[in-house]
Amino acid sequence: MGKKYRKLSLFYYIWIGLFVIAPIILLFLQSFRDIYGNITLDNYRAYFANLSYLLMTANSFLTAFLITGVTLIISYPFAYFLKTTKNRDFWLLLVTLPTWINLLLKAYAFIGLLNRNGKIAGILGLASEGILFTNPAFVLVASYVEIPFMILPIYRALEAIPDQYIIASMDLGASSMQTFKRIILPLSMNGVIAGIQAVFIPSLSLFLITRIIGGNKIITLGTAVEEHYLVTQNWGMGSTIGIVLIFLMFIVMVILNARKRSK
């Protein structure tokens, strides 16, 4: 059986090599070429010496942090509700249902809701101008798209907590708040960290929602890569930003996984 599993795992390693490692290597090699195809280090010099790129990096982290914060604030209470409700299958279906819909369709649907004639703008009293192409609109739509990937890991972590722990805490005289702070929250932190990782890392490289909902007013590393590849045709600089983005994602993953192992 061991040899059989090793043979089957070979296809997995081939897949990873062809579609993950090889593209990253090609991207890394492309990052050392200028717009004329000459080998150079100017792309990296330009990135780290240009204040605009550094501010763009900081803005990408800020928006990813805001998106992650909004989804976490909404997701944890909802995941706790899922654990305690009897109709959890129905609510889980509602959580996962939006992930079946194409991202482009969801983004265009929000255009109708956020423009000056949209329902959301009307509710907020902004019917005369709308909130489309603003930072709040971008964070709102990105949070909506990412929220299932925060809810599900937290819910699984909460569901894995044995009921006996909570019953024992109550029997020992702990209040509901004390039980939550001392039992439920610490034991669910692995799910919280997994959810943060699942939301924060993709949020660093968003570009489709940034373009459609944010217009040209919100520039992140993802939109910069798109700009260099499709508009300026400077693939070397686009690859450089892509490599920096991958490196930043790797650092975030290492930090979060280290926190997860320490729990």
Side-chain angles (χ1 to χ4, degrees), residues 20-21 23-73 103 107 131-146 149-150 193 195-260:
V20 178
I21 298 176
I24 292 176
I25 293 173
L26 293 175
L27 195 70
F28 180 73
L29 295 176
Q30 183 67 41
S31 69
F32 291 102
R33 294 188 178 274
D34 62 15
I35 197 169
Y36 303 107
N38 302 316
I39 298 176
T40 179
L41 292 173
D42 288 346
N43 294 326
Y44 287 95
R45 293 194 190 101
Y47 180 88
F48 291 104
N50 193 322
L51 183 60
S52 298
Y53 285 122
L54 298 179
L55 289 176
M56 191 186 304
T57 304
N59 183 58
S60 297
F61 266 89
L62 178 60
T63 53
F65 178 80
L66 289 174
I67 293 167
T68 305
V70 170
T71 56
L72 179 60
I73 290 171
L103 177 60
I131 60 172
L132 193 64
F133 306 140
T134 63
N135 282 300
F138 169 64
V139 172
L140 172 66
V141 176
S143 299
Y144 166 78
V145 171
E146 300 285 357
F149 306 105
M150 180 71 78
I193 293 173
I196 291 173
Q197 183 172 314
V199 171
F200 187 87
I201 292 175
S203 298
L204 280 175
S205 58
L206 289 174
F207 73 91
L208 180 62
I209 297 175
T210 309
R211 287 297 190 195
I212 296 175
I213 303 299
N216 293 321
K217 297 181 180 179
I218 302 173
I219 305 297
T220 62
L221 292 177
T223 55
V225 173
E226 180 203 23
E227 186 81 12
H228 282 300
Y229 267 93
L230 300 182
V231 180
T232 67
Q233 296 292 305
N234 190 349
W235 291 12
M237 194 64 210
S239 299
T240 300
I241 299 174
I243 289 297
V244 172
L245 188 57
I246 291 172
F247 179 76
L248 293 174
M249 291 179 179
F250 177 76
I251 294 298
V252 171
M253 288 180 62
V254 169
I255 294 172
L256 291 175
N257 286 332
R259 292 290 301 273
K260 192 174 181 179

Please list, one pair per line, the donor and acceptor atoms closer than 3.5 Å that link side chains of residues 203-210 to other protein atoms, with sequence neighbours excluded.
unit_1	atom_1	unit_2	atom_2	d
S203	OG	V199	O	2.6
S205	OG	P202	O	3.3
T210	OG1	L206	O	3.2

More than 12 heavy atoms of other residues, nucleotides or ligands under 6.0 Å from CG of L230: is that the case? yes
Please give me the minimum heavy-atom distance between A142 and I67, naming the atom from each residue. CB-CD1, 3.4 Å
Mind checking whether R33 and N38 have side chains closer than 4.5 Å, heavy atoms only? no
Residues T57, Y47; criterion side-chain contact (heavy atoms from CB on, under 4.5 Å); working and verdict: CA-CA 10 Å; T57 304; Y47 180 88; 2.4 Å; yes
CE of M150 to CG of L72, rounded to nearest 0.5 Å, is 5.0 Å
For F200, all residues meeting ring-ring contact (aromatic ring centres under 6.0 Å, His included), sequence neighbours excluded: F61
Quick one: pull up OG1 in T63 and CG in L221 and give me the separation to the nearest 0.5 Å. 8.5 Å
Is there a side-chain contact (heavy atoms from CB on, under 4.5 Å) between D42 and D34? Walk through the geometry before answering. CA-CA 8 Å; D42 288 346; D34 62 15; over 6 Å; no
Ignoring hydrogens and angles, tell me if any N or O in the side chain of N257 forms a donor-acceptor pair with the backbone of M253 under 3.5 Å. yes
Quick one: are E227 and M237 in side-chain contact, heavy atoms under 4.5 Å? no
Using 0.5 Å steps for rounding, measure from the CZ atom of F250 to the CD1 atom of I255. 10.5 Å
Are the side chains of V70 and E146 in touch, meaning some heavy atoms are under 4.5 Å apart? no
Parallel, tilted or perpendicular: which one describes the rings of F32 and Y44, with boundaries at 30° and 60°? tilted
What is the minimum heavy-atom distance between S143 and T71, and which atoms define it? O-CG2, 3.5 Å
Any luck finding a side-chain donor-acceptor pair between N234 and T232 under 3.5 Å? no
If we only count heavy atoms from C-beta on, is the R45 to N50 side-chain gap below 4.5 Å? no
With side-chain contact (heavy atoms from CB on, under 4.5 Å) as the test, would you mind laying out the steps for V252 and Q197 before giving the verdict? CA-CA 8 Å; V252 171; Q197 183 172 314; over 6 Å; no
Determine all donor-acceptor pairs shorter than 3.5 Å in which one atom belongs to a side chain in residues 238-249; sequence neighbours excluded.
unit_1	atom_1	unit_2	atom_2	d
S239	OG	Y229	OH	2.6
S239	OG	W235	O	2.8
T240	OG1	S31	O	3.2
T240	OG1	G236	O	2.9

